[in-house]
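Working notes, structure below.
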2 protein chains.
Amino acid sequence: MSPQPPLSTERRVLDAAKVCCERWGIEKVTIDDIASEAGVSRATLYRMFPGGKDVLFDALRLQEIEDFFTRLLAHLEGVDDLEELLTRTVVSATHELRNDQHLAVMLASEPGDTLGQLTVDGLPRIIRVATLFIVPLVDPFLPRPESARLVELLARLVISYFLAPSDHVDFADADSARLFIRTFIIPAFAASLIRS
Amino acid sequence: MSPQPPLSTERRVLDAAKVCCERWGIEKVTIDDIASEAGVSRATLYRMFPGGKDVLFDALRLQEIEDFFTRLLAHLEGVDDLEELLTRTVVSATHELRNDQHLAVMLASEPGDTLGQLTVDGLPRIIRVATLFIVPLVDPFLPRPESARLVELLARLVISYFLAPSDHVDFADADSARLFIRTFIIPAFAASLIRS
DNA sequence: GACACTAAGACGAAATCTGTCTCAGTGTCA
DNA sequence: TGACACTGAGACAGATTTCGTCTTAGTGTC
């Protein structure tokens with residue numbers, strides 16, 4: 001967002017935590033690993049995240065989610081067609097998820113039971129945040145209750161097709177995604193469409 | 001070599017150790033990790049490798065080296081031309097090294113100072129083993145002291161160009177390697193060549 | 001039944017990690 | 001100058017993990 005040349009200490013620590021996770025896996029990372037990777041003393045780290053690893057990883061998850069949607073929004077700029085907007089949304093989101101194995105874990109929660117978290121505990125949070133970010137973009141096309149329902153539906157579908165890819169639909173492929181959206185999504189909301 | 005359908009326990013353990021190393025990095029792997037990855041009890045592991053991790057990793061290094069040269073030899077079968085033999089040797093070896101980051105570590109020794117080991121402690125061992133495996137293939141073309149010298153020279157060059165790639169020579173590229181060998185290696189040993 | 005091999009896990013010792021704390025050094029602001 | 005906020009370094013005790021050895025019991029083979 002803002003241009004912080006020296007990069008905030010907190011950001012450095014969280015980035016270091018991410019690097020460590022990617023290198024060793026979340027269950028093998030220690031506070032010391034993160035501190036020295038960030039070039040920061042352990043004391044600073046505890047001052048910044050009282051509660052230790054749990055709090056730190058919570059913050060990291062939060063940052064990951066924000067980064068995720070920030071990147072996503074960048075791919076949606078200037079789109080003024082609902083079908084195109086939704087298509088790009090699912091395609092970009094799917095690409096992000098597939099490219100960053102680590103991201104999927106972070107969006108969810110603890111390791112080991114990644115899938116469990118992604119589908120049980122993690123889902124509501126992701127849907128909530130997705131709504132927060134994406135609904136405003138859909139608002140021009142749909143009245144509020146409908147846009148929220150649409151975004152939730154899409155979020156669920158993206159995650160479902162990510163976890164269990166289908167032979168018939170590939171959300172990573174723009175054409176396939178567009179066809180899906182044109183066929184199943186748009187018609188369902190056609191009645192509410194705001195004709196501008 | 002021999003067809004062992006159930007795969008020996010020792011092999012299973014070493015393979016498990018390799019898997020664990022690739023997943024977590026050598027410094028984060030515990031005996032327990034390896035044991036459970038191999039589906040073997042810790043006691044068995046200690047019986048098999050008295051001395052623990054050190055002995056186990058020594059054995060792993062040995063296996064890696066043997067596998068390395070076994071794969072290498074497979075690429076050299078039936079070659080009856082010295083230039084072609086040497087070319088394939090450096091190309092295959094270079095590919096193996098580049099494709100398997102883990103292999104380079106194993107061929108050397110402890111992690112952290114991989115390069116230090118690869119160039120200081122590791123080099124003599126690799127050269128020794130390389131000689132053991134490759135010299136017999138060169139024997140038909142050169143008298144013994146020359147063939148040993150040739151193999152040692154090649155081993156040093158492969159490792160050097162692997163560690164510090166050059167703009168002028170690419171041992172991963174067959175044409176480039178062949179040109180290099182034709183220009184710099186063969187002539188140096190031309191006088192000793194056994195004309196069959 | 002003797003034998004070789006194994007899994008499971010108890011055990012104490014050693015090593016590592018955690019979380020809190022103190023102390024000293026730095027830069028900022030008034 | 002002094003109050004203030006922030007930091008690195010590291011001591012410290014306690015929790016946790018890991019290590020290496022050991023015992024016990026189970027299995028298959030001869």
Side-chain angles (χ1 to χ4, degrees), chain A residues 2-63 102 105-106 109-114, chain B residues 2-63 105-106 109-113:
Chain A
S2 57
Q4 287 171 303
L7 216 54
S8 78
T9 305
E10 178 165 330
R11 179 84 203 194
R12 268 205 350 259
V13 169
L14 292 181
D15 287 347
K18 185 176 180 183
V19 168
C20 289
C21 282
E22 285 166 346
R23 191 181 311 157
W24 293 313
I26 200 172
E27 68 255 34
K28 293 280 190 178
V29 174
T30 69
I31 292 283
D32 281 284
D33 292 332
I34 298 171
S36 60
E37 173 70 29
V40 134
S41 89
R42 217 149 42 85
T44 302
L45 203 149
Y46 276 106
R47 259 177 242 121
M48 202 168 290
F49 303 102
K53 246 201 289 192
D54 287 351
V55 177
L56 194 158
F57 278 116
D58 275 349
L60 179 53
R61 273 187 283 276
L62 204 66
Q63 174 181 284
H102 172 75
V105 180
M106 275 296 123
S109 188
E110 293 305 313
D113 53 2
T114 306
Chain B
S2 57
Q4 288 171 303
L7 216 54
S8 77
T9 306
E10 177 166 331
R11 179 85 205 194
R12 270 205 349 260
V13 169
L14 292 180
D15 287 347
K18 185 175 180 185
V19 168
C20 289
C21 283
E22 286 166 346
R23 190 181 311 156
W24 293 312
I26 200 171
E27 68 254 34
K28 292 279 189 178
V29 174
T30 69
I31 292 282
D32 282 281
D33 291 332
I34 298 171
S36 60
E37 173 69 29
V40 134
S41 88
R42 217 149 42 85
T44 302
L45 204 148
Y46 277 106
R47 250 175 258 121
M48 203 169 286
F49 304 101
K53 247 200 290 192
D54 287 351
V55 176
L56 195 158
F57 278 116
D58 275 348
L60 180 53
R61 273 187 282 277
L62 203 67
Q63 174 182 284
V105 180
M106 277 294 123
S109 188
E110 294 304 315
D113 53 0

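Within every chain, numbering begins at 1; the chains are lettered A, B, ... in the order of the sequence lines, protein sequences first and strands thereafter. Just so you know, these numbers use all the heavy atoms, side chains as well, and skip hydrogens, waters and symmetry mates.
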Side chains of [X] and [Y]: does their closest heavy-atom pair fall under 4.5 Å?
X     : Y     : result
A/I34 : A/V19 : no
A/K28 : B/T30 : yes
B/R11 : B/Q63 : yes

Distance test, side-chain N/O of B/T44 to OP1/OP2 of C/dT6, below 4.0 Å:
no

Round to a whole Å and report the spacing from [atom1] of [X] to [atom2] of [N].
X     : N      : atom1 : atom2 : result
A/W24 : C/dT16 : CH2   : P     : 14 Å
A/E27 : D/dT17 : CD    : C1'   : 14 Å
A/K28 : D/dT17 : NZ    : P     : 11 Å
B/I34 : D/dG20 : CD1   : P     : 11 Å
B/D33 : D/dT17 : CG    : C1'   : 11 Å
A/M48 : D/dC6  : CE    : C1'   : 9 Å

Please encode protein proximity along nucleotides 18-23 of chain C as a string of B, S and -, counting only heavy-atom distances under 4.0 Å.
BBBB--

Heavy-atom closest pair (B/R12 atom, B/G39 atom, distance to 0.1 Å) is NH2-O, 4.0 Å

For B/L60 against B/L14, the heavy-atom pair lying closest together:
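Nearest pair, atom of B/L60 first, then B/L14: CD1-O, 3.6 Å.
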
Candidate pair A/F49 and A/D58, rule side chain to side chain contact (heavy atoms under 4.5 Å, CB included), full reasoning:
CA-CA 10 Å; A/F49 303 102; A/D58 275 349; over 6 Å; no

